[in-house]
Every structure is written in C-alpha cells, then in structure tokens.
Amino acid sequence: MNEPSTGKALQKAIADSLIKVEVATSDEINFRKLLAGRIDLFPIDVVVGRRLLARHFSPQDVEKLAVHPRVVYATQLHLMLSKRVPGNAVRMERFNQGLAAIRQRGRIDAILDDAASDIPYPIELYEDEPAPADCEFESLDGKV
C-alpha cells in the first residue's frame with residue numbers, strides 16, 4: 001500500500017489525535033481558511049504554494065503567512081497519462097526520453113529555477129529527487 005500523500009508523520013499525528021483534520025477541496029481554499037484563522041496549518045509543496053499565493057492573494061495576505069522550514073513529507077513527482085487515450089504510450093516514451101536528456105545535461109535545477117522565476121515571493125527549491133522525509137511530528141506541548 002502506498003504511503004498517504006501527507007506522509008507517515010502527519011498520519012501518525014492524526015491517528016494519535018495530536019492534530020484535527022479539516023478536509024478542503026483545494027489548496028486555495030486551505031489558504032483562505034489559514035488566513036481566516038479556521039486552520040493553523042496545512043502541508044503544501046513550497047513552489048506550488050508560492051505560485052498559488054502569487055496568483056490568488058494580495059501581498060498583504062502573503063505577509064501574514066510563513067513556511068515552516070521542516071519538511072514533513074517529500075516525494076518525487078510523476079507524470080500520469082490514461083492508457084485509454086490513443087497516443088499516450090508514445091507521449092510517455094517521448095517524455096521519458098526528454099527527461100533523461102535534460103537530466104544527463106544537468107538542466108533540472110535550471111528548469112526549476114526558471115519555472116519559479118516569476119513568483120514574487122522567495123522560494124526554496126528542493127532536490128529534483130528527494131528521498132522521503134523521515135521527520136518526527138511534535139505537538140505544541142512537546143509530546144509526540
């Protein structure tokens with residue numbers, strides 16, 4: 001079975017009732033809940049979060065938020081294509097060949113930097129192939 005998208009540490013904290021979960025249908029809604037004080041935190045990729053903030057929120061709203069430096073879950077991204085769509089097998093093969101080529105040329109970091117260059121807020125880019133984070137979750141009172 002695959003690890004939940006929030007990672008083992010957060011899943012354990014939920015199971016141990018250290019944190020309460022409130023489900024939302026989008027990350028934008030989670031940001032709105034965060035700004036309204038309805039939630040205290042939510043996990044999101046730093047680059048994705050900064051891009052959403054740049055597109056949907058004012059600089060004044062962004063100033064009210066902070067990114068915690070501790071990674072609670074890290075994973076690789078994957079391209080998913082439907083097997084039912086004609087031509088997707090060829091698209092996947094071409095994608096894999098292109099990815100291998102840019103990796104071989106050492107271009108991954110430059111591409112990530114370029115993709116994030118139009119985001120007006122500073123971001124920290126992670127390695128292109130991070131190992132899953134093995135972080136411990138601590139409650140505010142220090143108990144795990």
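Quantities reported herein were computed from a predicted structural model and do not represent experimental measurements.
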Open item on the list: Hydrophobic clustering (ILVMFWY, side-chain heavy atoms < 4.5 Å, transitive) - are Val90 and Leu79 grouped together?
Closed with: no

- [ ] Find the distance between CD (Gln11) and CG (Asp16) and round it off to the nearest 0.5 Å.
- [x] 11.0 Å

TODO: Can you measure from CZ (Phe95) to CG (Leu81) and round to the nearest 0.5 angstrom?
DONE: 8.5 Å

Task: Inter-residue atom distance Gln97.CD - Met92.CE, 0.5 Å rounding - done: 12.5 Å

- [ ] Report the C-alpha separation of Phe31 and Asp61 in whole Å, then their side-chain angles, then the decisive distance to 0.1 Å, and conclude whether the side-chain contact (heavy atoms from CB on, under 4.5 Å) test is met.
- [x] CA-CA 10 Å; Phe31 275 124; Asp61 284 338; over 6 Å; no

- [ ] Using a 4.5 Å cut-off on heavy atoms from C-beta on, say whether the side chain of Ile108 contacts that of Leu99.
- [x] yes

TODO: Give a yes or no on whether the backbone of Ser82 and the side-chain of Asn88 come within a donor-acceptor separation of less than 3.5 Å.
DONE: yes

TODO: Taking the side chain as every heavy atom from C-beta outward, state whether Arg55 and Leu52 have any pair of such atoms under 4.5 Å apart.
DONE: no

Open item on the list: Within the 4.5 Å heavy-atom criterion, are Asn30 and Ile44 side-chain neighbours or not?
Closed with: no

Task: Any donor-acceptor N or O pair under 3.5 Å, side chains Ser26, Glu28 - done: no

TODO: Please name the pair of heavy atoms, one in Pro86 and one in Arg91, separated by the smallest distance, quoted to 0.1 Å.
DONE: O-NH1, 3.2 Å

Open item on the list: Would you say CD of Glu22 has more than 12 non-hydrogen atoms from neighbouring residues, nucleotides or ligands within 6.0 angstrom?
Closed with: yes

Open item on the list: Less than 4.5 Å apart, side chain to side chain, heavy atoms only: is that true for Phe57 and Arg32?
Closed with: yes

- [ ] Supply the atom-to-atom distance Arg103 CZ to Asn96 CG, rounded to the nearest 0.5 angstrom.
- [x] 9.5 Å

TODO: Measure the spacing between CG of Leu65 and CG of Leu34 and express it to the nearest 0.5 Å.
DONE: 5.5 Å

TODO: Decide whether Ile29 and Ile39 are clustered together by the hydrophobic rule: side chain heavy atoms of Ile, Leu, Val, Met, Phe, Trp, Tyr closer than 4.5 Å, transitively.
DONE: no

